[in-house]
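Structure first, commentary second.
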Amino acid sequence: MADVSSANLVNNGNELIEKGHTLNGYRKSCWYEEEIEENLRWSFALNSILHTGASQYQDIALLDTKPFGKALVIDGKLQSAETDEFIYHECLVHPSLLHHPNPRTIFIMGGGEGSTARELLRHKTVEKVVMCDIDEEVVDFCKSYLIVNKEAFSDPRLELIINDARAELENRSEQYDVIVGDLADPIEGGPCYKLYTKSFYEYTVKPRLKQDGIFITQAGPAGIFSHTEVFSCIYNTLKQVFKYVVPYSAHIPSFADTWGWVMASDTPFVLNADDLDQRIKQRIKGENKYFDGKTFSSASTLSKAVRKSLDNETHVYTEGTARFIYGYGAAAACKLNQV
């Protein structure tokens with residue numbers, strides 16, 4: 001849950017702030033605060049609140065933050081920030097497309113922000129990207145406010161569908177080279193947790209993949225303490241469905257944590273760092289800011305503690321045994337505070 005909220009009295013180091021004043025004179029600012037855990041909160045200063053609203057499914061806010069630029073917040077969870085979203089989206093997109101021998105058709109589950117489509121469409125082999133997001137208001141919101149993705153939304157290779165991703169995949173007959181899960185985190189009361197289940201992966205996702213097809217999904221926090229929330233069980237669940245499963249992670253400053261992704265296929269992943277770099281040169285338009293072969297080698301070499309935890313994970317994600325990250329869907333309050 002997140003607040004842009006207030007406190008009448010704050011002890012700020014050696015400086016006492018009360019009702020917008022300090023002992024050294026007048027001070028006024030606005031802060032965003034996200035409750036990461038029950039006893040842990042993350043906050044940063046804002047320049048302004050650009051927009052807030054609510055759709056049928058989610059609460060939406062666009063904030064102009066001082067440390068991270070424009071930031072998209074959905075259901076009280078920071079989804080991406082202008083200064084470092086490239087880390088998340090390059091890590092989500094490029095490993096799967098580079099490992100695939102010839103990725104031409106891609107299906108995105110979620111991705112309404114447009115950044116995943118942007119990265120996919122940089123690949124010269126890609127002929128068609130289907131982006132299926134359940135929330136039209138979020139998509140329209142991002143089209144209007146996230147100028148960085150304007151070109152992607154207007155690309156003729158992009159087919160935008162407003163629907164539940166599960167229903168859309170089940171009703172389509174075509175198969176895809178890569179399916180990307182750019183879904184919101186599984187939070188209690190949120191719209192997406194059923195799309196992290198074994199039955200969904202086995203009976204909906206896998207049949208829609210072509211031979212040599214690859215599935216890639218964001219998998220929530222993957223830090224030394226946070227990875228047991230959902231990352232480890234998403235990894236273990238995909239191991240029950242696919243022969244080859246690779247977990248990897250990267251630190252994202254605006255998320256205040258290390259983040260995780262899991263890539264899965266029935267075809268082995270055999271490329272080394274040099275192979276990946278060669279394919280980057282051949283296939284991708286423009287230069288990546290974050291991702292290359294050595295970066296992936298590093299990202300997929302998890303710490304000893306996390307590796308041990310993933311090796312010992314036995315939980316399989318089902319609708320009846322779902323795990324959630326901290327927070328509550330469609331229940332985030334957004335209150336303005338100036339201190």
Side-chain angles (χ1 to χ4, degrees), residues 55-58 60 62 72 74-75 77 79-80 85-86 88-98 100 103-186 190-196 200-201 204-210 213-219 261-263 283-286:
S55 72
Q56 176 184 350
Y57 302 100
Q58 300 162 116
I60 312 163
L62 186 66
L72 178 67
I74 295 180
D75 275 349
K77 293 290 182 181
Q79 301 299 305
S80 72
E85 58 87 5
F86 66 92
Y88 172 94
H89 290 103
E90 288 186 15
C91 286
L92 174 66
V93 167
H94 299 312
S96 58
L97 266 73
L98 292 170
H100 193 282
R104 294 181 297 169
T105 57
I106 321 295
F107 188 98
I108 310 172
M109 304 187 302
E113 174 189 351
S115 299
T116 296
R118 181 197 70 214
E119 293 300 316
L120 288 167
L121 292 165
R122 292 177 58 212
H123 284 255
K124 299 173 185 178
T125 62
V126 169
E127 298 172 358
K128 181 180 180 180
V129 174
V130 179
M131 184 173 82
C132 181
D133 197 288
I134 196 172
D135 199 331
E136 186 171 17
E137 292 183 50
V138 168
V139 174
D140 289 342
F141 178 88
C142 293
K143 277 185 179 181
S144 299
Y145 287 96
L146 302 183
I147 306 301
V148 68
N149 296 331
K150 184 178 180 180
E151 189 174 322
F153 277 116
S154 62
D155 193 302
R157 293 172 292 168
L158 180 66
E159 178 185 353
L160 175 59
I161 303 292
I162 303 300
N163 196 6
D164 174 73
R166 182 175 202 155
E168 189 66 27
L169 282 172
E170 289 174 347
N171 291 331
R172 283 177 171 249
S173 58
E174 62 261 47
Q175 293 179 307
Y176 302 91
D177 295 309
V178 177
I179 295 177
V180 180
D182 186 18
L183 300 163
D185 299 317
C192 292
Y193 78 92
K194 294 180 181 180
L195 304 188
Y196 290 93
F200 176 65
Y201 294 148
T204 303
V205 171
K206 193 171 182 179
R208 297 274 72 79
L209 286 171
K210 296 179 183 178
I214 297 174
F215 174 64
I216 179 75
T217 184
Q218 81 89 12
W261 302 265
V262 182
M263 183 169 63
R283 295 185 181 185
I284 298 179
K285 298 175 184 176

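Side-chain atoms are counted along with the backbone in the values below, which use heavy atoms only and exclude waters and symmetry mates.
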Donor-acceptor pair, [X] side chain versus [Y] backbone, under 3.5 Å?
{"X": "Asn149", "Y": "Glu113", "result": "yes"}
{"X": "Asp182", "Y": "Gly110", "result": "no"}
{"X": "Arg157", "Y": "Glu127", "result": "no"}
{"X": "Asp164", "Y": "Ile134", "result": "no"}
{"X": "Thr204", "Y": "Tyr201", "result": "no"}
{"X": "Thr125", "Y": "Pro103", "result": "yes"}
{"X": "Gln56", "Y": "Asp135", "result": "no"}
{"X": "Gln175", "Y": "Leu209", "result": "yes"}
{"X": "Arg283", "Y": "Leu97", "result": "yes"}

May I ask you to test the [X]-[Y] pair for a side-chain heavy-atom distance under 4.5 Å?
{"X": "Leu62", "Y": "Leu146", "result": "yes"}
{"X": "Glu90", "Y": "Ile284", "result": "no"}
{"X": "Gln79", "Y": "Tyr88", "result": "no"}
{"X": "Lys128", "Y": "Glu174", "result": "yes"}
{"X": "Tyr145", "Y": "Leu72", "result": "no"}

To the closest 0.5 Å, what do you measure between [atom1] ([X]) and [atom2] ([Y])?
{"X": "Asp133", "Y": "Ile161", "atom1": "CG", "atom2": "CD1", "answer": "11.5 Å"}
{"X": "Cys91", "Y": "Ile216", "atom1": "SG", "atom2": "CD1", "answer": "9.5 Å"}
{"X": "Arg118", "Y": "Ser115", "atom1": "CZ", "atom2": "OG", "answer": "4.0 Å"}
{"X": "Glu168", "Y": "Ile162", "atom1": "CD", "atom2": "CD1", "answer": "10.0 Å"}
{"X": "Tyr176", "Y": "Phe215", "atom1": "OH", "atom2": "CZ", "answer": "14.0 Å"}

[X] to [Y] - nearest heavy-atom pair and separation:
{"X": "Trp261", "Y": "Gln218", "result": "CD1-CA, 3.7 Å"}
{"X": "Cys142", "Y": "Gly112", "result": "CB-O, 3.7 Å"}
{"X": "Phe153", "Y": "Val139", "result": "CE2-CG1, 4.1 Å"}
{"X": "Ala152", "Y": "Gly114", "result": "CB-O, 4.2 Å"}
{"X": "His89", "Y": "Glu85", "result": "ND1-OE1, 2.8 Å"}
{"X": "Asn163", "Y": "Cys132", "result": "O-SG, 3.3 Å"}

Criterion salt bridge (Lys or Arg N to Asp or Glu O under 4.0 Å) on Arg172 and Glu159, from CA distance to verdict: CA-CA 14 Å; Arg172 283 177 171 249; Glu159 178 185 353; 3.0 Å; yes

Step-by-step side-chain hydrogen bond (donor to acceptor under 3.5 Å, both in side chains) determination, Tyr57 to Glu136: CA-CA 10 Å; Tyr57 302 100; Glu136 186 171 17; over 6 Å; no

